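Within every chain, numbering begins at 1; the chains are lettered A, B, ... in the order of the sequence lines, protein sequences first and strands thereafter. Note: hydrogens, waters and symmetry copies are ignored here, and every other heavy atom, side chains too, is used. A quick note: this is a predicted structure, and the numbers were derived from the prediction, not measured.
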Protein chains: 2
Amino acid sequence: MASLGELERAVMDLLWAGHEPATANTLRDRLATTTEANGDAAGHEGKELAVTTVLTVLSRLEKKGLVERERGTRPHRYQAVSSREDHTAELMHEVLGSAPDREAVLARFIGSVTDTEAETLRKLLGHI
Amino acid sequence: MASLGELERAVMDLLWAGHEPATANTLRDRLATTTEANGDAAGHEGKELAVTTVLTVLSRLEKKGLVERERGTRPHRYQAVSSREDHTAELMHEVLGSAPDREAVLARFIGSVTDTEAETLRKLLGHI
DNA sequence: CGCATTGTTCTACACTCTGTAGAAGTCAAA
DNA sequence: TTTGACTTCTACAGAGTGTAGAACAATGCG
């Protein structure tokens, strides 16, 4: 279970960006300003959403296990369960695992990795 | 654009398994027998689907660019556009690219790779 | 050639997921 | 206790997916 909708993704991006836990209101404001002053580019929003909308999304993300909230404080504070990097790496593993011949997939994967990344990988594999 | 439904996935698996192009009827039969004699396990089907169902799914997969069909022959013959390995590797790249700090993701990724896989990677990176 | 058979496309519907938010309920401070 | 901030419930529309009947096309047989 993985895939996120556009807004869900945008919210996760915000949570991952500012590593502090954030309230629904904060997030709503940030959503409104994110990629502000972009003609349209790749960016998403620029629109004022209702707080309830953000809360709904946060609840769904919580249910998916991507977000957790501090219920103690009055405006609940939300934060990502794992870092973007961890999450992404985990996703990659999930994808990798979806094929029977993992080694073959890795071969193709490595085949189309940039030079820099190949270098990184070599380094990482070196001291294991 | 990536994610597949359960049935779509099952069909792709069949197309990837027997590398020959297959007809909708063949696929329907295979879907009925796939993981036959499984109490319920992880497997999917065991159910006789209508051929039209399979055709619909195939059309959708075609639209997604995952499948192509020979229109010449009377029972159209369908096949996967790219191998499971290529497809999966591409997906992995997509996921990797979804994070800003690819190197960091790779670090986490490598961190949780099996020994065998690490060995494979070393070999692959060696002769690049 | 006309018809039966086999195969393909169109249309449709139910269900889930996602975006979106109002209505209703809760809690704490003044 | 009333009010204002906050949360939860409920709802709905639109996309994607599973599922298939109805309608349309081609192809071989008599």
Side-chain angles (χ1 to χ4, degrees), chain A residues 1-15 21-32 34-35 40 43-79 91 94 98, chain B residues 1-15 21-32 34-35 40 43-79 91 94 98:
Chain A
M1 214 251 267
S3 86
L4 300 188
E6 196 172 347
L7 180 53
E8 290 176 334
R9 176 76 200 182
V11 168
M12 286 311 296
D13 279 344
L14 286 180
L15 290 177
T23 71
N25 264 292
T26 310
L27 291 171
R28 189 217 36 204
D29 293 347
R30 286 193 200 154
L31 280 172
T34 301
T35 46
D40 84 16
H44 3 211
E45 327 300 317
K47 201 174 137 199
E48 276 280 321
L49 292 176
V51 191
T52 48
T53 301
V54 179
L55 281 166
T56 304
V57 168
L58 283 168
S59 293
R60 288 175 184 165
L61 288 170
E62 194 184 24
K63 189 182 307 181
K64 291 186 189 180
L66 294 182
V67 155
E68 65 191 359
R69 74 172 99 186
E70 295 168 26
R71 278 197 142 90
T73 64
R74 187 46 170 148
H76 293 181
R77 297 164 68 76
Y78 298 78
Q79 66 188 319
L91 258 191
E94 234 170 73
S98 76
Chain B
M1 216 252 267
S3 86
L4 300 187
E6 195 172 347
L7 181 52
E8 290 176 333
R9 176 74 199 184
V11 168
M12 286 310 296
D13 279 344
L14 286 179
L15 290 177
T23 71
N25 264 293
T26 312
L27 291 170
R28 188 216 40 202
D29 294 347
R30 287 194 201 152
L31 280 172
T34 302
T35 47
D40 83 16
H44 3 214
E45 325 303 317
K47 200 176 137 200
E48 277 280 321
L49 292 176
V51 191
T52 49
T53 301
V54 179
L55 281 166
T56 304
V57 168
L58 284 168
S59 293
R60 288 174 184 165
L61 288 171
E62 195 185 22
K63 189 182 308 183
K64 292 187 190 181
L66 293 183
V67 154
E68 65 191 0
R69 72 172 99 183
E70 295 169 24
R71 280 198 141 90
T73 64
R74 188 42 173 156
H76 293 181
R77 297 164 70 75
Y78 298 78
Q79 66 188 319
L91 258 191
E94 236 170 72
S98 77

### From C:dG7, C:dG19, C:dA21, nucleotide with atom closest to B:Pro75 side chain
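Closest nucleotide among those given: C:dG7.
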
### Message
Looking only at the side chain of A:Glu6 (C-beta and beyond, no hydrogens), which of the listed nucleotides D:dA20, C:dA23, C:dG19 gets closest?
### Response
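Nearest to the side chain of A:Glu6 among the choices is C:dG19.
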
Expressed as a whole number of angstroms, how long is the span from [X]:[atom1] to [N]:[atom2]?
X: B:Leu4; N: C:dC17; atom1: CG; atom2: C1'; result: 16 Å
X: A:Leu58; N: C:dT20; atom1: CG; atom2: P; result: 14 Å
X: B:Arg28; N: C:dG7; atom1: CZ; atom2: C1'; result: 12 Å
X: B:Leu55; N: D:dA23; atom1: CG; atom2: C1'; result: 15 Å
X: A:Leu7; N: C:dC17; atom1: CG; atom2: C1'; result: 13 Å
X: A:Lys63; N: D:dT8; atom1: NZ; atom2: P; result: 13 Å
X: A:Leu49; N: C:dT18; atom1: CG; atom2: P; result: 17 Å
X: B:Leu61; N: D:dG18; atom1: CG; atom2: P; result: 9 Å

#### Entry: Sidechain N-carboxylate O distance under 4.0 Å for B:Glu62, B:Arg69
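Judged by the 4.0 Å cut-off on N to carboxylate O distance, B:Glu62 and B:Arg69 do form a salt bridge.
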
Indicate whether OP1 or OP2 belonging to [N] is found under 4.0 Å from a side-chain N or O atom of [X].
X: B:Arg71; N: D:dA26; value: no
X: A:Lys47; N: C:dT20; value: yes
X: A:Lys64; N: C:dT18; value: yes
X: B:Thr52; N: D:dG21; value: no

### Query
Between B:Leu7 and B:Thr53, is a side chain to side chain contact (heavy atoms under 4.5 Å, CB included) present by the stated rule, with each step listed?
CA-CA 10 Å; B:Leu7 181 52; B:Thr53 301; 3.9 Å; yes

### Message
When you measure only distances, ignoring hydrogens and angles, does the side chain of A:Arg74 come within 3.5 Å of the base of C:dT26 through a donor and an acceptor?
### Response
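Counting by modelled atom types and ignoring angles, a donor-acceptor contact under 3.5 Å is found here.
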
### Closest-nucleotide 5' rank along DNA chain C - winner of B:Asn25 and B:Arg60
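On the 5' side of the pair lies B:Asn25.
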
### Query
So what does B:Thr56 hit on the nucleic acid, given a heavy-atom distance under 4.0 Å: a base, only sugar-phosphate, or nothing?
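Base, at least one base heavy atom under 4.0 Å.
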
### Task
Check the pair A:Leu4 / A:Lys64 against side chain to side chain contact (heavy atoms under 4.5 Å, CB included), numbers first and verdict last.
CA-CA 10 Å; A:Leu4 300 188; A:Lys64 291 186 189 180; 3.9 Å; yes

### Message
Can you tell me which residue among A:Val11, A:Val54, A:Leu14, A:Asp13 is in a side-chain contact (heavy atoms from CB on, under 4.5 Å) with A:Arg30?
### Response
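Testing A:Arg30 for a side-chain contact (heavy atoms from CB on, under 4.5 Å) against A:Val11, A:Val54, A:Leu14, A:Asp13 leaves exactly one candidate, A:Leu14.
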
### Task
Evaluate the side chain to side chain contact (heavy atoms under 4.5 Å, CB included) criterion for residues B:Leu66 and B:Glu8: first the C-alpha distance (whole Å), next the side-chain angles of each, then the deciding distance (0.1 Å), finally the verdict.
CA-CA 10 Å; B:Leu66 293 183; B:Glu8 290 176 333; over 6 Å; no

